[in-house]
Q: 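Before anything else, here's the structure in question.
Predicted, not measured: the structure shown is a model, and the values here were computed from it. Every chain is numbered from 1 and lettered A, B, ... according to where its sequence line falls, protein lines coming before strand lines.
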Amino acid sequence: MGDYKPQEIEAKWQKRWAEHRVFETEADVEGRQPSDKTEEKKTQDPPFAKGAKGRPPEKKPKYYVLEMLPYPSGTMHMGHMRNYTIGDVVARVKRMRGFNVLHPMGWDAFGLPAENAAIKNHTHPRVWTNKNIGEFQRTLRRFGFSYDWRREISTCEPEYYRWNQWFFLRMLERGIAYKKKSRVNWCPKCCTVLANEQVVNGGFCWRHEDTRVEAREIEQWFLKTTAYSEQLLEDLKQLEGGWPDRVIAMQRNWIGKSTGAKVLFEVAADGAQPGIAVSQEKIEIFTTRIDTIYGASAIILAPNHPLVARLIAGTAGQAAAEKKLAELKTSSVKTEDIATAEKDGFFTGRYAVNPFNGEKVPIWVGNFVLLEYGTGAIMAVPAHDERDFEFASKFGLPIPVVVSKEKSLNTEGTEKEHRGHGDNKPAQPFTEYGYSVNSGAYSGLKSEDAIEKMASDAEAKGFGKKETIFRLRDWGISRQRYWGTPIPVIYCEKDGMVPVPDKDLPVLLPANPKLTGEGESPLATDPEFVNVKCPKCGGPARRESDTMDTFVDSSWYFYRYCDPHNDKQPFDPAKAGYWFPIDQYIGGITHAILHLLYSRFWCKVMRDLGLVRHSEPIARLFTQGMVQKGGVAMSKSRGNVVGAEEMAQKYGADTGRLYTLFAAPPEKDLEWSEESIDGAWRFLNRVYRVVDKHAGEVASRKERFNAEGTESAEFAEKRTQDQGAKSAPGAPTEKERELLRKAHQALKRVTQDFEGRWHFNSAIAQIMELVNAIYAAEPLEEGVRPAVQKEVLELVTLMLAPMTPHLAEELWEMLGHKDGLWTVEWPAINEELAKEDEVEIPVQVNGKLRGRVKVAAGATQDEVMQLAAADAGVAGHLNGKAIRKVIFVADKMLNLVVG
RNA sequence: GCCCGGGUGGCGGAAUGGCAGACGCUGAGGACUUAAAAUCCUCCGGGGAUUUUUCCUCAUGUGGGUUCGACUCCCACCCCGGGCACCA
């Protein structure tokens, strides 16, 4: 009898899995095996079991399961492990069920932390990154995750990032990549651009915490995600059911579709100050509530709206207005407290004409109007908008009411009412739909109808049109950093911007950059990198020194796994066509918006390039909960990290895996508890011991049992005599029936938990119950033969296999199997064995539990009724009263309604 | 403010309209042991009655509703977590 020694067992089986190449994908394209290594595989693979698992690879259904690739920083903690354990269980279950499974892993290896670490330690980002990759890889192997390591990718390698450049060039050709001026964070002390993460404490430089970050406008590269706004929104419908609702909601929110109308207001020529001819100026506003336009009491422009300067020029209050404008512009730098900032603004001194009724409305500038959204100008309708109401209240603008909750006969109010002055000023804005009032010909219409009619009329008369706008912005991909993909363009004095020809890819990062964290971007200061010849004319030219946002790397990496060593194209479309879409993607909720949105965008671009046929790369998404300690997520800065290596050393990988699966359902946050890990450890020991004992008994009693654990006829007869059983020697005893029933009931529920809801915690609970039952049925002499016990122990082993794979292999071997567990299929449920012979039925009187009766399974209502009536507890509550109604659910319950 | 989650014993959690608290942790008691560890067994929501046994009653954030029956479905509210937010 031995002890459970996870360190030995885990090393042993990891070695065997590698030798037998168990986790390597069997086919890449339908009907075709991977060209490499096919012959070796055939000779090394053990024969397949029967059923789906035994089919030739090209006949198996494919299954692509993927966990979000990690950024290799520091060491792996149990938060990482939880993510990969969930994915590994799924991968292993699918393999057992006969799927051709793709389960790869790689490294999101570019990024700022590597560069920062390099600056600090005077080393190269590659050194730091590769060291971390080495550690991460070792830890993943230590946990026995079933990755096909032949497909490992690292995004910082030229073999990978050259395809980022290739995609960029294709997008450039199609006008999807473009350059424009944009605001960046600038630290005046470092004299460099800061990433958003480097801006700390609400606007200060991370290295100079006394220095406020400034906004600077510089030329930057963008990808036109907005070209796909409508599709990105529309295709979310395809994801319903496969993605968590909240992620879909977050994406929808982020894209922010808003339907409304744009309306042109002419600036009045006879403004407050005559003499300045601005009458040709027009202000375009966007509104979702064109039906409220009769209630507009001002036009409000964003402080940085291009028209503002021209409007205030020459007015009486020009000097004061300019001063105020400068104030508004600087105070709008902070992004965090914009939402809570008080409304502020000023009157420009000019008026605009409402195209619907010819009324003059004052033109204001307001701090709450955003240039980036809509047209950067709004019409203020204080009676029907919260913000406008607040603004009008502060500055004394009229608040005319033009929408009424009820349809009133008197649709034209008094002049006083209309102006919204004095007693009739509403106390609150009414922002819902209702009926138009005080709105000329439109009065009396329902808001929905008024919106439709007024927008059409505006369009017909040429001063407006229906319009849909989006909140989604184009994706700024320029980074003034070293450790990223160089953007492949060249600026020639003669030819202007010239794309790097495909044949010159990859544009390699210079090997030995000067990294200081200060001054110009690192690539810009490297003369060898920057000074090049123009690919067109051969004249002197300068290379682009920006690198790409690392979100570019992670937007398409999962396609590369299909064909990781292709040096002709990013991937073979046939291979991607076979594997995609990803059947199951698993990762943290933190990436619910950007990573997934960019990935969806990239897929649509690739579709338009003809590389793929699908529009959505990910069919199903699962967002697992965080692993917390002390109520907060594990992080190095908080010092509450439980390292994965530490865990493996102390308890072994299987205990770590089991614990993270058992402690909480996978979508919920998990609070780390050292005591509960002991529970998982104890359980695995318990399983090991019972199998060990079983094996020992079979070996030590050869005279009674044969090698398969079957009892000799002589002993069987003796035993049945002892027990006084009437059944034949070979028939199962009552105890055996009970054990087999429990086993198959557990199998049924575990199968469901794996296939459907992923309630791994209750699956484990089922297995624990079964193991408890095995213990309760001990010792063997009292009615459970080794053959039966073996059958049950095999089921336990197979059910544990996806979760604690090393231990399961070991147990399988201890149970006398020569071939590895990886050759075995998921067991079939035996419904006949799972069936109960006898059930206990609760009996309710008026819905309250009053008694229980034992009946044979499938007993009829009458049979149950007879027994129930005889039950003392039930009878007491019936009290001779008439039974008005009987509700009977076979094998479930009986409810008697008395009155 | 809007949009998603969630609220069940001392703790993690089970139960998707049918016996609330499976399974595990902690705790208490017992067996084994010179002893400890490990292991095995028993008990463990509150109140009450009865005292070996059992029975009654309350209880799944709060208040209503639907139903023979509700942790589960519907309405309103409270609290916690997350996302978005002067988005016109």
Q: In whole Å, measure the gap between the C1' atoms of B/rU8 and B/rA59 for me.
A: 10 Å
Q: Give a yes or no on whether a donor-acceptor pair under 3.5 Å exists between the nucleobase atoms of B/rC68, that is its base, and the side chain of A/Asn895.
A: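 For A/Asn895, whose side chain was compared with the base of B/rC68, there is a donor-acceptor pair (under 3.5 Å).
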Q: Are any side-chain N or O atoms of A/Thr431 and backbone N or O atoms of A/Asp385, one a donor and one an acceptor, separated by less than 3.5 Å?
A: no
Q: Is the distance from OP1 or OP2 of B/rC40 to the nearest side-chain N or O of A/Arg689 less than 4.0 Å?
A: yes
Q: Measure the distance from CG on A/Leu370 to C1' on B/rC86 and round it to the nearest whole Å.
A: 7 Å
Q: Starting from P on B/rA88, measure out to CD1 on A/Ile378 and report it in whole angstrom.
A: 11 Å
Q: Can the positive tip of A/Arg471 be found less than 6.0 Å from the middle of the six-membered ring of A/Tyr373, inside 45° of the ring normal?
A: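 So A/Arg471 doesn't make the cation-pi contact.
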Q: Can you confirm whether A/Tyr775 sits close enough to A/Arg686 that some side-chain heavy atom of one is under 4.5 Å from a side-chain heavy atom of the other?
A: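 Side-chain contact under 4.5 Å: yes.
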Q: Using the closest heavy atom to pick a nucleotide of RNA chain B for each, name whichever of A/Pro842 or A/Met250 lands nearer the 5' end.
A: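 Result: A/Pro842.
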Q: Side chain of A/Asn253 only, heavy atoms from C-beta on: which candidate in B/rA88, B/rG18, B/rC84 is closest?
A: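 Nucleotide nearest to A/Asn253's side chain: B/rC84.
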Q: Taking atom C1' in both B/rA31 and B/rA37, compute the distance separating them and give it to the nearest angstrom.
A: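 Pairwise C1' distance, B/rA31 against B/rA37, rounds to 16 Å.
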Q: Which part of the nucleic acid, if any, lies within reach of A/Ser673 when heavy atoms closer than 4.0 Å are counted: base, sugar-phosphate only, or nothing?
A: nothing
Q: Tell me the interatomic distance from A/Ile300, atom CD1, to B/rC86, atom P, rounded to whole angstroms.
A: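 It is 16 Å, rounded to the nearest whole Å.
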Q: Write down the distance separating the P atoms in B/rA70 and B/rG82, rounded off to the nearest Å.
A: 35 Å
Q: Using OP1 and OP2 only, check whether a side-chain N or O of A/Arg252 sits under 4.0 Å from B/rC84.
A: no
Q: Tell me which nucleotide among B/rC68, B/rC40, B/rA88 gets nearest to the side chain of A/Tyr775.
A: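 Looking only at heavy atoms from C-beta outward on A/Tyr775, the closest nucleotide is B/rC40.
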Q: Does the side chain of A/Asn772 get closer than 4.0 angstrom to OP1 or OP2 of B/rG24 through an N or O atom?
A: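 Yes, within the criterion.
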Q: Under 4.0 Å between any heavy atoms, over every strand shown, what does A/Val381 touch: base, sugar-phosphate, or nothing? Just pick one.
A: nothing
Q: Give one of base, sugar-phosphate or nothing for A/Gly679, where a contact means two heavy atoms less than 4.0 Å apart.
A: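 Sugar-phosphate, no base atom in range.
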Q: Rounding to an integer number of Å, can you tell me how far A/Met379 CE sits from B/rC86 P?
A: 20 Å
Q: Can you tell me if A/Thr375 touches the phosphate of B/rA88, counting only side-chain N or O atoms and a distance under 4.0 Å to OP1 or OP2?
A: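 False: A/Thr375 side-chain N/O out of range (4.0 Å or more) of B/rA88 OP1/OP2.
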Q: Calculate the interatomic distance between A/Leu770 atom CG and B/rA22 atom C1'; express it in whole Å.
A: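 So the two atoms are 14 Å apart, to the nearest Å.
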Q: Please tell me which of A/Gly376 and A/Met768 maps to the more 5' nucleotide of RNA chain B, matching each residue to the nucleotide holding its nearest heavy atom.
A: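 Comparing both residues, the 5'-ward one is A/Met768.
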Q: Name the nucleic acid region contacted by A/Arg686, choosing base, sugar-phosphate or nothing; use a 4.0 angstrom heavy-atom cut-off, strictly under.
A: sugar-phosphate
Q: By the rule that syn is within 90° of 0, classify the base conformation of B/rG9 as syn or anti.
A: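 Syn.
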Q: Return the value, rounded to whole Å, for the distance between atom CD1 of A/Ile255 and atom C1' of B/rC3.
A: 14 Å
Q: Going by atom types only, do A/Gln745 and A/Glu836 share a side-chain donor-acceptor pair under 3.5 Å?
A: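 Short answer, yes.
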Q: Could you state the atom-to-atom distance from NZ of A/Lys742 to C1' of B/rA22 in whole Å?
A: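 After rounding, the gap between these two atoms is 13 Å.
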Q: Which one, B/rC86, B/rC58, B/rC19, comes nearest to the side chain of A/Lys848?
A: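 The answer is B/rC58, which lies nearest to the side chain.
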Q: According to a 3.5 Å limit on both distances, what stems of 3 or more consecutive Watson-Crick or G-U pairs are formed with RNA chain B?
A: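 So the stems come out as B:1-7 with B:78-84, B:10-12 with B:23-25, B:27-31 with B:39-43, B:45-49 with B:54-58, B:61-65 with B:73-77.
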Q: Run the side chain to side chain contact (heavy atoms under 4.5 Å, CB included) test against A/Ala450 and tell me which residues pass, sequence neighbours left out.
A: A/Asp291, A/Ser436, A/Leu445, A/Met454
Q: How about A/Tyr4 and A/Trp681: are their ring centres within less than 6.0 Å of each other?
A: yes
Q: In the 5'-to-3' direction, what one-character label does each nucleotide of nucleotides 5-17 of chain B receive under the scheme B = base within less than 4.0 Å of a protein heavy atom, S = sugar-phosphate only, - = no such atom?
A: S------BSSS--
Q: Does A/Arg473 reach the main-chain N or O of A/Glu372 with its side chain, forming a donor-acceptor pair under 3.5 Å?
A: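 Yes; at least one donor-acceptor contact below 3.5 Å.
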Q: Please tell me which of the listed nucleotides, B/rU26, B/rC23, B/rC19, lies nearest to the side chain of A/Glu769?
A: B/rC23
Q: Any side-chain N or O of A/Arg471 under 4.0 Å from OP1/OP2 of B/rC2?
A: no
Q: For B/rU57 and A/Arg850 - does any side-chain N or O of the residue sit under 4.0 Å from the phosphate oxygens OP1/OP2?
A: yes
Q: Can you label the angle between the A/Phe622 ring and the A/Trp758 ring as parallel, tilted or perpendicular, going by 30° and 60°?
A: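 A/Phe622 vs A/Trp758 ring planes: tilted.
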Q: Below 30° counts as parallel, above 60° as perpendicular, anything between as tilted: where do the rings of A/Phe391 and A/Phe395 land?
A: tilted
Q: Could you check how far CG of A/Asn846 sits from P of B/rU67, rounded to whole Å?
A: 15 Å
Q: Are A/Trp243 and A/Tyr585, when compared by the centres of their aromatic rings, separated by less than 6.0 Å?
A: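 Centroid separation for A/Trp243 and A/Tyr585: 6.0 Å or greater.
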Q: Considering only the C1' atoms, how many Å lie between B/rG47 and B/rU42, rounded to the nearest integer?
A: 24 Å
Q: Distance check, rounded to the nearest 0.5 Å: A/Glu671 atom CD versus A/Gln628 atom CD?
A: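 Answer for the CD-CD pair, A/Glu671 versus A/Gln628, is 6.0 Å.
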Q: Tell me, do A/Pro355 and A/Leu264 make a side-chain contact under 4.5 Å, heavy atoms counted?
A: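 They are not in side-chain contact.
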